[in-house]
Amino acid sequence: MKEKNIVTTIENKICIIKLNRPEIRNPLTEAAWELLDILREIQYDDQIKTVIITGTERAFSAGGNLNNVQRDTSDAFATRKRMKQYYELLHMMRKVEKPMIAAVNGAAAGAGVSLALACDLVIAARSAFFIQSFVKVGALPDFGGIHFLTQSLGPHRAKELMMLGERISAEQAYQLGMVNEVVDDDNLVERACSIAQKIAEGPSLSIGLIKQLVHYSANVSLEEFLELEAFGQGLCFQTEDLKEGVTAFFEKRAPQFKGK
């Protein structure tokens with residue numbers, strides 16, 4: 001697949017996806033279709049266990065390209081249709097069982113914030129910042145922004161961030177629960193790869209099911225969730241990885257999982 005807005009590398013079972021339009025701050029609108037195609041390709045690739053998404057140079061992602069918005073004269077129905085096409089990417093990010101890590105290297109704005117929060121873990125460089133500035137141009141936070149921020153921050157903090165449109169630092173995002181860890185800029189990708197490698201060496205099925213069940217838990221009743229949990233545990237109990245994990249526990253050694 002020819003990539004224009006994205007650069008990908010695969011090493012040690014980790015796929016690093018880098019948004020690569022730094023001259024326009026790596027807008028998601030330019031890269032969404034390529035990213036969607038990449039995720040479709042790797043979702044069943046057993047050689048890839050984890051995914052890292054990051055940006056080039058000073059920005060993680062600026063979200064939408066306002067130059068495109070300025071030229072857009074479509075009506076409300078056309079806008080809704082276009083947005084629903086972008087949502088295919090969000091659904092795929094949730095569908096792919098491979099854990100996804102956002103390595104936020106700089107500015108995460110608008111839909112760029114949503115892209116980071118749609119990942120399973122978020123690691124931020126110390127100089128990174130987050131901003132939902134839709135209100136400053138009279139628009140609504142999109143690409144799931146209201147949903148992700150409300151889940152991460154709770155309704156009052158989420159409304160504050162979106163209604164005021166003020167930027168917050170990586171450290172503030174960590175204190176609010178948006179970010180798992182803040183690291184020095186030079187160590188960002190290395191730290192993300194270290195976490196990704198640890199996940200890649202784990203039991204693939206149980207990790208993938210953890211991702212899926214966390215998402216399901218917000219949308220189903222306890223009774224429905226427990227049914228899904230029991231089914232997932234039944235699958236885990238049939239794997240070679242579980243047998244290896246139990247054996248390693250009693251032999252007091254580190255398990256060697258094979259993803260089977």
Side-chain angles (χ1 to χ4, degrees), residues 5-9 14-32 35 50-66 89-90 93 99-137 141-154 157-158 160-199:
N5 301 290
I6 285 176
V7 173
T8 59
T9 57
I14 302 168
C15 178
I16 301 178
I17 300 172
K18 183 174 287 189
L19 306 183
N20 194 40
R21 292 293 303 279
E23 73 280 6
I24 50 176
R25 299 174 69 218
N26 306 320
L28 181 60
T29 46
E30 311 295 317
L35 181 53
T50 51
V51 177
I52 295 172
I53 299 179
T54 191
T56 305
E57 297 182 10
R58 298 176 62 186
F60 174 70
S61 175
N65 187 339
L66 283 181
L89 174 57
L90 281 178
M93 291 178 72
M100 304 181 69
I101 301 171
V104 182
N105 56 296
V113 177
S114 300
L115 178 64
L117 296 182
C119 292
D120 302 296
L121 300 174
V122 183
I123 310 299
R126 210 165 297 282
S127 66
F129 65 87
F130 301 79
I131 184 169
Q132 280 285 16
S133 54
F134 287 95
V135 69
K136 294 185 178 181
V137 296
D142 58 20
F143 200 64
I146 296 174
H147 172 82
F148 292 123
L149 283 169
T150 302
Q151 280 199 329
S152 297
L153 308 179
R157 285 292 191 183
E160 176 185 358
L161 200 65
M162 292 182 284
M163 290 178 178
L164 297 179
E166 296 175 347
R167 67 185 257 178
I168 61 172
S169 67
E171 188 60 39
Q172 288 173 306
Y174 173 75
Q175 295 295 332
L176 290 171
M178 290 172 62
V179 168
N180 294 90
E181 189 174 341
V182 178
V183 300
D184 291 338
D185 290 27
D186 293 341
N187 295 332
L188 177 66
V189 174
E190 180 182 356
R191 177 56 179 157
C193 285
S194 175
I195 295 171
Q197 188 63 48
K198 188 171 184 179
I199 294 172

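Any value given below was found using the heavy atoms of this structure, including those in side chains, with hydrogens, waters and symmetry copies removed.
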message = I'd like to know if Arg126 pairs up with Asp184 as an ion pair, taking the criterion as any Lys NZ or Arg NE/NH1/NH2 lying under 4.0 Å from an Asp or Glu carboxylate oxygen.
response = yes
inquiry  = Just verifying a value: how many Å separate Arg25 CZ and Glu23 CD, rounded to the nearest 0.5 Å?
reply    = 12.5 Å
Nearest heavy-atom neighbours spanning Phe134 and Pro141 = CD1-CA, 3.3 Å
Whether Thr50 side chain and Ile14 backbone form a donor-acceptor pair below 3.5 Å = no
query = Between the main-chain N or O of Leu188 and the side-chain N or O of Asn105, is there a donor-acceptor pair closer than 3.5 Å?
reply = no
query = Short question: side chain of Thr8, backbone of Ile17 - any donor-acceptor pair under 3.5 Å?
reply = no
query = Does any N or O in the side chain of Thr150 come within less than 3.5 Å of the main-chain N or O of Ala158, such that one atom is a donor and the other an acceptor?
reply = no
message = Would you say CD of Gln151 has more than 12 non-hydrogen atoms from neighbouring residues, nucleotides or ligands within 6.0 angstrom?
response = yes
remark   = Here the gap from Leu149 atom CG to Arg157 atom CZ, rounded to the nearest 0.5 Å, amounts to 13.0 Å
Set of side chain to side chain donor-acceptor pair (under 3.5 Å) partners for Asn187, sequence neighbours left out = none
Could you list the donor-acceptor pairs under 3.5 angstrom formed between side-chain atoms of residues 107-115 and any protein atom two or more places apart in sequence or on another chain?
residue	atom	partner	partner atom	Å
Ser114	OG	Asp142	O	3.4
Ser114	OG	Phe143	O	3.2
Ser114	OG	Gly145	N	3.3

key: Nearest heavy atoms of Val182 and Tyr174, plus distance in Å   = CG2-CB, 3.8 Å
request  = Taking all heavy atoms of Cys193 and all of Ile16, pick out the closest pair and write down the distance.
outcome  = SG-CD1, 3.7 Å
Stepwise side-chain contact (heavy atoms from CB on, under 4.5 Å) check, Ile168 with Ile131 = CA-CA 6 Å; Ile168 61 172; Ile131 184 169; over 6 Å; no
ask   = Do Asn26 side-chain atoms and Arg21 backbone N/O form a donor-acceptor pair below 3.5 Å?
value = yes
task = Would you give the length of the straight line joining atom CG of Asn180 to atom CG of Leu121, rounded to the nearest 0.5 angstrom?
result = 5.0 Å
Gap between atom CE of Met93 and atom CG of Leu35 - 0.5 Å precision = 6.5 Å
key: Minimum heavy-atom distance Ala170-Ala125, with the two atoms named   = CB-O, 3.3 Å
Heavy-atom closest pair, residues Leu161 and Met178 = CD2-SD, 4.4 Å
key: Heavy-atom check, side chain of Phe148 versus side chain of Leu90, under 4.5 Å   = yes
inquiry  = How long is the straight-line distance from CD of Glu190 back to CD1 of Ile195, given to the nearest 0.5 Å?
reply    = 11.0 Å
query = Where do Ile52 and Ala196 come nearest, in terms of heavy atoms and distance?
reply = CD1-CB, 4.0 Å
key: Glu57: side chain to side chain donor-acceptor pair (under 3.5 Å) partners, not counting sequence neighbours   = none
message = Run Leu89 and Leu28 through side-chain contact (heavy atoms from CB on, under 4.5 Å) and show every step you take.
response = CA-CA 10 Å; Leu89 174 57; Leu28 181 60; 4.0 Å; yes
remark   = Taken to the nearest 0.5 Å, the spacing of Leu19 CG from Ile6 CD1 works out to 5.5 Å
